Amino acid sequence: MKSVIQAVKGTRDFYPEEMAVRNWLYGKIREVSQLFGYQEYEGPILERIDLYAAKSGEELVKEQAFVFPDRGGDLITLRPELTPTLARMVAQRQNTLVYPLRWWSFGPFWRYERPQKGRTREFFQWNIDLIGVDSPEADAELIAVCAMFFEKIGLNSQQVGILVNNRRLMESQLEQIGIGERLRQQVFRLIDRRDKMSPVDWDAYAQEIGLHVEQLQKLKEMLSDPELWQMSSELVRVFEILEEMGLRQYVQFEPQIVRGLDYYTGTVFEARDRARDGRAILGGGRYDNLVADVGGNPLPGVGFAMGDVMIGIVLEKYGLLPNLAKTPAQVLVTVFDETRIKLSFALAAELRRAGISTIVYPEAVKLPRQLKFADRIGVRYVLIVGPDEEAAGVVTVKNLTTGEQENIGRLEIVNWLNRHLPD
RNA sequence: GUGGCUGUAGCUCAAUGGCAGAGCGCUUGACUGUGGAUCAAGAUGUUGUGGGUUCGACCCCCAUCAGCCACCCCA
């Protein structure tokens with residue numbers, strides 16, 4: 001035990017139980033993505049570091065990416081996010097793709113950070129994007145995808161909410177109080193930290209950036225105005241569409257949401273536990289310059305990303321993780337003794353040809369051990385072929401759930417199982 | 001990158017500086033063709049790792065690794 005080599009920090013082993021949950025999540029993601037007509041795609045896991053230099057945000061690449069030189073000396077990055085890859089893939093075939101593009105993906109990502117609650121170094125992320133349209137209806141569609149996903153997975157609008165804002169709205173409001181492009185990024189950071197700092201520290205931080213007392217006062221008024229969204233024709237339209245789609249209850253305006261990544265240009269949103277537990281479940285928004293930033297012609301887009309770790313924590317908290325069958329096997333064929341091993345293997349092969357998932361015990365150990373094994377892996381039916389059965393031309397079928405058993409004619413067994421197995 | 005807490009049996013956790021334990025799980029049996037329940041017996045440890053203090057260290061000190069949590073940042 002002591003000599004087992006340690007797993008890499010911040011990675012998780014997916015034992016069959018965890019793998020089943022991950023695949024279940026993947027399935028729900030696929031279901032909702034396809035329900036909206038999105039196509040699945042995937043990019044490489046390795047990218048040149050230059051791809052991220054463009055726009056991802058300084059820190060994400062410099063300090064939070066796994067970077068290494070390949071044998072030719074080029075710096076290669078384990079992808080920390082997918083959006084730049086998406087932008088590259090679109091730019092490469094910009095003139096042949098049919099717009100608007102609706103694409104989704106689910107795959108692994110890496111960030112070199114200290115692991116903690118809701119965050120690991122290796123994680124899986126759902127990315128979904130609508131590219132080639134800059135309408136608020138497109139923004140609303142992505143938010144709707146998000147809300148439908150919650151609905152499908154069993155999270156109701158009392159448990160989780162999608163907080164929405166618009167960077168253009170915030171920019172114009174900031175203009176009105178005399179904050180221009182020069183201070184914009186810093187003020188966005190300030191807004192982003194409103195809840196994370198004490199009011200006193202926050203005021204001090206604001207003044208440090210260079211806000212006058214009057215500007216700070218006006219900024220506070222902005223951030224506490226729940227009706228501010230009505231100043232944005234885009235947000236008005238977004239909420240209107242979501243209302244018509246019957247998903248309005250999941251969504252609310254939140255002026256403090258501006259998102260960390262630099263490439264967002266319009267509507268931004270993130271989903272959180274309503275109880276304010278933990279970090280954001282997902283985050284996204286509109287990015288209208290990204291394709292141009294990697295060398296393509298300007299093309300607008302909107303999308304979001306959801307990590308598997310935080311959604312897993314939320315689903316666990318609300319008891320929504322499914323009870324998944326332990327084994328895919330529907331039937332276990334026991335081996336009665338050495339001389340009857342061939343009988344059991346032949347029977348198992350016959351069941352498999354009929355499409356029945358079957359395990360055959362691989363050695364002639366005592367029957368109680370084989371039954372105990374069947375019970376522990378969670379298989380429903382056990383088949384026994386001993387001397388009595390062989391002589392009578394039957395098979396004993398035992399249902400481990402009910403404890404009942406009966407003899408079925410050897411030639412009837414496939415039909416019998418097909419009638420009694422679930423599905 | 002910064003700070004805090006924690007590392008003892010497969011798991012969850014006890015043990016005043018003085019013989020390393022319990023519950024669960026596991027193995028075997030009660031039950032030679034039947035799992036779960038019950039009862040009985042049994043096995044399991046380099047106390048994360050490396051140093052130091054001490055007559056003596058799971059316990060105190062230092063370092064290191066890992067896990068958890070917060071910061072930073074973000075999914």
Side-chain angles (χ1 to χ4, degrees), chain A residues 1-13 25 29 56-65 79-83 105-128 146 189 192-193 196-197 201 257-262 264 268-272 278-285 303-314 332 334-337 340 361 364-391 396-407:
Chain A
M1 227 32 224
K2 284 292 175 286
S3 58
V4 173
I5 292 171
Q6 281 170 347
V8 173
K9 184 190 185 87
T11 60
R12 291 164 294 165
D13 293 328
L25 185 67
I29 284 167
S56 288
E58 296 292 301
E59 183 153 354
L60 190 56
V61 182
K62 280 192 188 144
E63 299 183 21
Q64 297 179 1
R79 63 182 187 185
E81 60 163 336
L82 190 61
T83 309
S105 181
F106 181 79
F109 295 85
W110 293 266
R111 289 187 191 171
Y112 196 83
E113 294 187 286
R114 291 278 293 262
Q116 60 190 270
K117 192 178 177 94
R119 196 172 63 190
T120 56
R121 284 187 173 182
E122 178 180 65
F123 57 96
F124 288 78
Q125 198 179 65
W126 175 27
N127 281 265
I128 182 162
C146 171
R189 276 183 67 78
D192 196 39
R193 295 192 188 184
K196 295 173 183 168
M197 299 172 75
D201 288 349
I257 300 294
V258 289
R259 306 296 304 150
L261 293 172
D262 295 340
Y264 293 120
V268 288
F269 57 94
E270 66 183 42
R272 303 194 76 102
R279 57 193 73 242
I281 298 165
L282 59 82
F304 70 80
M306 180 187 80
D308 69 312
V309 182
M310 196 58 215
I311 188 71
I313 289 171
V314 173
L332 181 138
T334 57
V335 171
F336 193 83
D337 56 33
R340 273 168 265 259
Y361 207 90
V365 297
K366 288 188 293 187
L367 210 48
R369 273 191 68 176
Q370 299 186 43
L371 281 159
K372 184 166 186 174
F373 173 77
D375 185 48
R376 298 200 51 176
I377 65 172
V379 70
R380 167 91 54 105
Y381 288 100
V382 169
L383 268 45
I384 298 167
V385 201
D388 298 349
E389 287 84 354
E390 200 183 350
T396 295
V397 179
K398 175 157 187 167
N399 180 333
L400 291 188
T401 310
T402 61
E404 290 164 2
Q405 67 179 54
E406 57 182 301
N407 290 332

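The sequence lines fix the lettering, A, B, ..., with proteins before strands; numbering per chain opens at 1. For clarity, every value in this text was computed on a predicted model and none was experimentally measured.
For the pair A/D375 CG and B/G35 C1', the interatomic distance rounds to 5 Å; values are reported in whole Å. Between the CH2 atom of A/W126 and the C1' atom of B/C74 there is a distance of 19 Å, rounded to whole Å. Here B/C74 presents its P atom at 8 Å from CZ of A/R111, a figure rounded to the nearest Å. In this entry the distance linking CG of A/D337 with P of B/U34 reads 14 Å, nearest Å. Rounded to whole Å, atom P of B/C71 lies 12 Å from atom CZ of A/R193. With rounding to whole Å, A/I29 atom CD1 is found 16 Å from B/A75 atom P. To the nearest angstrom, P of B/G33 lies 12 Å from CD of A/E389. In this structure, the CG atom of A/L383 is 15 Å from the C1' atom of B/G35, given to the nearest Å.
Both A/Y112 and A/A305 sit near RNA chain B, but only A/Y112 has its closest nucleotide nearer the 5' end. Nearest-nucleotide positions on RNA chain B place A/R376 closer to the 5' end than the other of A/E404 and A/R376.
Contacts of A/F373 with the nucleic acid, taken as non-hydrogen atoms under 4.0 Å apart, are absent. Residue A/I384 is classed as a base contact, given a heavy-atom separation below 4.0 Å to a base. Nucleic acid contact for A/E113: base, since at least one base atom lies under 4.0 Å from a heavy atom of the residue. Contacts of A/K398 with the nucleic acid, taken as non-hydrogen atoms under 4.0 Å apart, include base atoms. Contacts of A/E122 with the nucleic acid, taken as non-hydrogen atoms under 4.0 Å apart, are absent. Using a 4.0 Å heavy-atom criterion, one finds that A/T120 contacts the bases of the nucleic acid, with or without backbone contacts as well. Backbone-only engagement by A/A280 is indicated by non-hydrogen atom pairs under 4.0 Å involving sugar-phosphate atoms exclusively. If you check every strand for non-hydrogen atoms under 4.0 Å, A/Q405 touches a base. Here A/D308 lies out of heavy-atom contact (under 4.0 Å) with every strand. In this structure, A/R121 reaches neither bases nor backbone, as no heavy-atom distance under 4.0 Å exists between it and the strands shown. Nucleic acid contact for A/L282: sugar-phosphate only, since backbone atoms but no base atoms lie under 4.0 Å from a heavy atom of the residue. Residue contacts shown for A/T402 are absent, as no nucleic acid heavy atom lies under 4.0 Å away.
One P atom belongs to B/U34, the other to B/G29, and the distance between them is 13 Å to the nearest Å. Only the C1' atoms considered, B/A66 is 10 Å distant from B/U49, to the nearest whole Å. Of the P atoms belonging to B/G48 and B/A20, the separation is 15 Å, rounded to the nearest Å. Nucleotides B/C24 and B/C31 are separated by 24 Å at their C1' atoms, to the nearest Å. Rounded to whole Å, the C1' atom of B/G36 lies 47 Å from the corresponding atom of B/G17. Going from the P atom of B/C26 to that of B/U64 covers 41 Å, rounded to whole Å. On the P atoms, B/U47 is 29 Å away from B/U28, given to the nearest whole Å. Taking atom P in both B/U38 and B/G25, the straight-line distance is 8 Å, to the nearest Å.
Here B/A75 is the nucleotide among B/A75, B/C72, B/U34 with the atom lying nearest to any side-chain atom of A/Q125.
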Look for any protein N or O under 3.5 Å of an N or O in nucleotides 5-7 of chain B and output each such pair with its distance, or none.
none

Considering only nitrogen or oxygen atoms on both sides, find all protein atoms under 3.5 Å from nucleotides 28-30 of chain B and state each distance.
residue : atom : partner : partner atom : Å
B/G29   : OP1  : A/K366  : NZ           : 3.1

Nucleotides 64-69 of chain B: protein proximity per nucleotide (B base, S sugar-phosphate only, - neither; heavy atom, under 4.0 Å): -SSSSB

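Applying the salt bridge (Lys or Arg N to Asp or Glu O under 4.0 Å) criterion to A/R380, with sequence neighbours excluded, gives no partner residue. With sequence neighbours left out, A/R12 forms a side chain to side chain donor-acceptor pair (under 3.5 Å) with A/D308. Judged as a side-chain contact (heavy atoms from CB on, under 4.5 Å), and not counting sequence neighbours, the contacts of A/T396 are A/I384, A/E389, A/Q405, A/N407. For the side chain to side chain donor-acceptor pair (under 3.5 Å) test, residues two or more places apart in sequence or in another chain that qualify with A/D201 are A/S198. Remark: A/R340 engages A/D337, A/E390 in a side chain to side chain donor-acceptor pair (under 3.5 Å) (not counting sequence neighbours). Scanning for salt bridge (Lys or Arg N to Asp or Glu O under 4.0 Å) contacts around A/R279 gives an empty result, with sequence neighbours left out. Residues meeting the side chain to side chain donor-acceptor pair (under 3.5 Å) test with A/Q370, sequence neighbours left out: none.
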query: After noting the C-alpha distance and the side-chain angles of A/V8 and A/W110, does the key distance pass the side chain to side chain contact (heavy atoms under 4.5 Å, CB included) rule?
result: CA-CA 12 Å; A/V8 173; A/W110 293 266; over 6 Å; no

- request: May I have the step-by-step check of side chain to side chain contact (heavy atoms under 4.5 Å, CB included) for A/F373 and A/L332, ending in yes or no?
  value: CA-CA 10 Å; A/F373 173 77; A/L332 181 138; 3.7 Å; yes

- request: Would you check, one step at a time, whether the test side chain to side chain contact (heavy atoms under 4.5 Å, CB included) holds for A/V258 with A/Y264?
  value: CA-CA 9 Å; A/V258 289; A/Y264 293 120; over 6 Å; no

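Shown here for A/T120 and A/G10, the closest heavy-atom pair between the two residues is CB-O, 3.3 Å. Minimum heavy-atom separation, A/R259 to A/V268: CG-CB, 3.5 Å. Taking each heavy atom of A/F269 and A/G303 in turn, the nearest pair found is CZ-O, 4.2 Å.
Note that CD1 of A/I29 and CZ of A/F106 are 4.5 Å apart. Values are rounded to the nearest 0.5 Å. For the atom pair CG (A/N127) and CE (A/M306), the distance works out to 10.0 Å, reported to the nearest 0.5 Å.
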- request: Represent RNA chain B in dot-bracket notation, 5' to 3'. Only Watson-Crick or G-U wobble pairs with both distances under 3.5 Å count; pseudoknot-style crossings use [ ] and interstrand partners use |.
  value: (((((((..((((....[..)))).(((((.......))))).....(((((..]....))))))))))))....

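Within the structure, the salt bridge (Lys or Arg N to Asp or Glu O under 4.0 Å) test picks out the following pairs touching residues 114-125 of chain A (sequence neighbours left out): A/E113-A/R119.
The only member of A/T401, A/T402, A/L400 that meets side-chain contact (heavy atoms from CB on, under 4.5 Å) when paired with A/E404 is A/T402.
Stacking of the aromatic ring of A/F123 onto the base of B/A75 is found: the ring centres lie under 5.5 Å apart and the planes are inclined by under 30°.
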